[in-house]
Amino acid sequence: MRSRRGAGVVVGAALLGGGLVVVPAAVGADSEPPTQVPAAEIYEPSAMPDRIILTPTTTPATSQKVSWRSEVGGEWAQAQILEAPIALGGVQPPADAVRTVMASSTSPVNTSLGYASVYHQVEFTGLTPNTRYTYRVGDGVNWSEWTDFTTASEAFEPFSFIYYGDAQNYIDSAVPRVFRQAFADRPEAKVIVNAGDLINSANSEEEWGQWHAADGFINSQVNNISVPGNHEYSGGQLSTFWQPQFPFPDNGPDFGDEAVNAALRNTIYYVDYQGVRFIGLNTNIQGDAALMATQTAWLDQTLASNPHKWTVVTFHHPVYSTASGRNNPVVRGQWGPLLEEYGVDLVLQGHDHTYGRGSVSSSRKSATVHDSTVYAVSVSGGKMYDVDGSVWTDNGADIMNKAQDAQLYQMIDVTEDSITYEARYANGEHHDGVVIRKNDAGERTVQEIRTPENTVGEQVVVDRTEVEFRGTVGVQAWGYDPGETVNVYIRNPERGQDVLVGEATADELGRVTTTAQMPSSARRQSQQVVYLESVNQQITGPEITILR
């Protein structure tokens, strides 16, 4: 019997030009059963740059930070940048168009895989606002591919960003599809927010390699705003990977001790990006009363000095936990009042491996509308907990939407007058969302994204439920588009009779405030309701009794 190798040679033989030519058998025809590729082989660095990531500066309109990894020493690490040309490759830019910037810092990080990962940082300065640039990083010989990013505008401009809860587990298998679907849905996103627990083991070279691979090229062209979760800490120490990878602005609180400042650098900071103040906080120090008090005072000052209309705050441990058995009273007690006082728009959190979104109960205006801060908890990875809304309800908050066993990503679109927040599943299907509207006076409404179910029912508020014959009631309703026309009816539920008594127009927040006079057909001792009809809603109020 011929061997498999021999058979492969015979099968691979071909007649060419009258001669016999032997074609080798396919490589691997006699290979051994597959074995696991060692992590040290998968993630070992080389002279070729990898793990390239953009992080914002305090002046994102005119500067940009980039970090990357290689095995190259710091004396060679460098980057090149030019305004984005229409072509590269065979079309070479003029020599004076390309600027070379040497790395400002190099940080070797020892790993458990038997080698050091060397991280480099470059800051591009003197950039033009709202301008597309092309850059690459390397050592002068070995270069990354050219990648584009666009600087922020100096003033407000609409933009989109993406928010993820914990990745943490199944980073190499379940997380990539979430990251890629989010980017497919918002390829124009300017920022990605990670609310902590990007990985499971703080100093795992393998897991950090998986996290960078999951995001792929996306991190190299979209600015990253991340905060550490409890899994970015080991033995009370911040991951040795954090600061080399994430050179976030050094504008956090002064803790009065150089060692503490150094340990918490790049974990508490703010970024003003195109009309939005992003604030990153570190909830891992909530057990240290003195450190927490300093951070809280800094948060108070940073919110008070915010010159922008919109504010987004992100941290890991939630104000209102969504997972069974979890609670963070220190975070809620110290930060909750400040978030409400200063009108923070979105609070983006993680930790609980479930989904929850809501607002404080006292701000409820109707079944679908609040007028205060939106708190969100989400998860992007594959580790799941049981959902529980009791911490919300026990502490004066409405959990308007919750979910478990769901991987999610959130897309946030910012305009001058509104923020649209939408959570989607890993497969791209819609799960939840709200529209936040705010006028120049700081008044705000938070409106559920409309569904057939939440645009009907008893949502109209009246100022009285008893009125004299031909009397008038005050009417309020929410959830409209600004400028939407609303017909006002008085309805007799018993007879099924509607009488048109007026017309109203929704204001810039989607509110309707009007009056309705009872028609003569509303007889004494009858029951009537206010019925509002528009393109988007058909809603009623409570029963009103007509008196003598």
Side-chain angles (χ1 to χ4, degrees), residues 60-61 129-130 150 152-163 185-186 188-191 193 270-279 303-314 339-348 357-360 363-366 368-376 400 410-423 430 432-451 454-455 459 476-486 504-514 532 534-537 539:
N130 196 27
T150 301
S153 296
E154 286 192 310
F156 176 84
E157 288 290 337
F159 72 99
S160 299
F161 67 96
I162 296 166
Y163 146 56
D185 283 343
R186 285 297 181 277
E188 75 282 6
K190 300 296 186 184
V191 172
V193 173
Y270 71 88
V271 172
D272 290 338
Y273 191 95
Q274 218 160 277
V276 177
R277 174 157 286 187
F278 289 92
I279 301 174
L303 290 171
S305 63
N306 182 11
H308 304 295
K309 184 175 184 176
W310 301 111
T311 312
V312 177
V313 177
T314 183
L339 300 171
E340 297 294 334
E341 176 186 350
Y342 289 106
V344 170
D345 300 291
L346 282 171
V347 177
L348 307 178
R357 191 266 311 154
S359 300
V360 297
S363 72
R364 181 189 283 272
K365 296 301 179 183
S366 75
T368 62
V369 178
H370 288 70
D371 69 354
S372 67
T373 300
V374 174
Y375 299 88
M400 300 297 289
Q410 288 68 222
M411 304 172 298
I412 296 102
D413 303 319
V414 183
T415 70
E416 187 172 0
D417 299 319
S418 69
I419 292 178
T420 300
Y421 162 102
E422 183 185 1
H430 170 81
D432 176 44
V434 294
V435 178
I436 305 169
R437 292 192 174 93
K438 187 189 290 184
N439 60 23
D440 292 338
E443 296 178 296
R444 173 176 51 191
T445 55
V446 178
Q447 173 186 322
E448 305 270 322
I449 289 180
R450 295 190 189 97
T451 67
N454 70 19
T455 52
Q459 298 183 45
Q476 264 196 330
W478 290 262
Y480 296 97
D481 288 341
E484 186 174 345
T485 298
V486 180
T505 302
D507 68 8
E508 73 275 17
L509 299 179
R511 296 179 298 196
V512 164
T513 302
T514 188
L532 302 185
S534 73
V535 171
N536 290 311
Q537 293 194 113
I539 57 178

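Below, all heavy atoms of this structure are taken into account, side chains as well, without hydrogens, waters or symmetry copies.
Using modelled atom types, no side-chain atom of S366 and backbone atom of Q459 make a donor-acceptor pair closer than 3.5 Å. Counting only distance, with no hydrogens or angles, the side chain of E484 and the backbone of S534 share no donor-acceptor pair below 3.5 Å. At distances below 3.5 Å, at least one donor-acceptor pair connects side-chain atoms of Q447 with backbone N or O atoms of G479. Not one N or O on the side chain of S153 forms a donor-acceptor pair closer than 3.5 Å with the backbone of F156.
The closest side-chain heavy-atom distance from T373 to V360 is not below 4.5 Å. For the pair I412 and L346, the minimum side-chain heavy-atom distance is below 4.5 Å. Taking 4.5 Å as the limit, some side-chain heavy atom of E443 sits within range of a side-chain heavy atom of L509. Side-chain contact check for D413 versus R186: some heavy-atom pair is nearer than 4.5 Å. Residues R450 and D481 are in side-chain contact: their nearest non-hydrogen atoms beyond the backbone lie under 4.5 Å apart.
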### Task
List the steps, then state whether side chain to side chain donor-acceptor pair (under 3.5 Å) holds for E157 with N130.
CA-CA 10 Å; E157 288 290 337; N130 196 27; 5.9 Å; no

### Task
Would you check, one step at a time, whether the test side-chain contact (heavy atoms from CB on, under 4.5 Å) holds for F161 with V276?
CA-CA 11 Å; F161 67 96; V276 177; 5.6 Å; no

### Task
Evaluate side-chain contact (heavy atoms from CB on, under 4.5 Å) for Y342 paired with V313, printing each intermediate quantity in order.
CA-CA 12 Å; Y342 289 106; V313 177; over 6 Å; no

### Query
Would T311 and N306 count as a side chain to side chain donor-acceptor pair (under 3.5 Å) if you check the C-alpha gap in whole Å, the side-chain angles of each, and the deciding distance to 0.1 Å?
CA-CA 8 Å; T311 312; N306 182 11; 2.7 Å; yes

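Nearest heavy atom pair, residue P60 against residue D272, reads CG-O, 3.3 Å. Q274 and A152 get closest at one heavy-atom pair: OE1-CA, 3.3 Å. Of all heavy-atom pairs spanning G433 and R357, the tightest one is O-NH2, 4.3 Å.
Around the CD atom of E416, the shell of radius 6.0 Å holds no more than 12 heavy atoms that belong to other residues, nucleotides or ligands.
Scanning for ring pair (Phe, Tyr, Trp, His ring centres under 6.0 Å) contacts around F159 gives Y273, with sequence neighbours left out. Checked against side-chain contact (heavy atoms from CB on, under 4.5 Å), K438 has the following partners two or more places apart in sequence or in another chain: K309, W310, D345, R444.
Residue L348 holds its CG atom at 8.0 Å from CD of Q410, rounded to the nearest 0.5 Å. With rounding to the nearest 0.5 Å, the separation of CH2 in W478 from NE2 in H370 is 12.0 Å. Atom NZ of K365 and atom CG of D371 lie 4.5 Å apart (nearest 0.5 Å). How far OG of S372 is from CZ of R364: 11.0 Å, rounded to the nearest 0.5 Å.
In this structure, Y163 and Y421 have tilted ring planes: the angle between them lies in the 30° to 60° band.
Salt-bridge annotation for R437 and D507: absent, with no side-chain N of the basic residue lying under 4.0 Å from a carboxylate O of the acidic one.
For N454 and E448, the side-chain atoms include no donor-acceptor pair closer than 3.5 Å.
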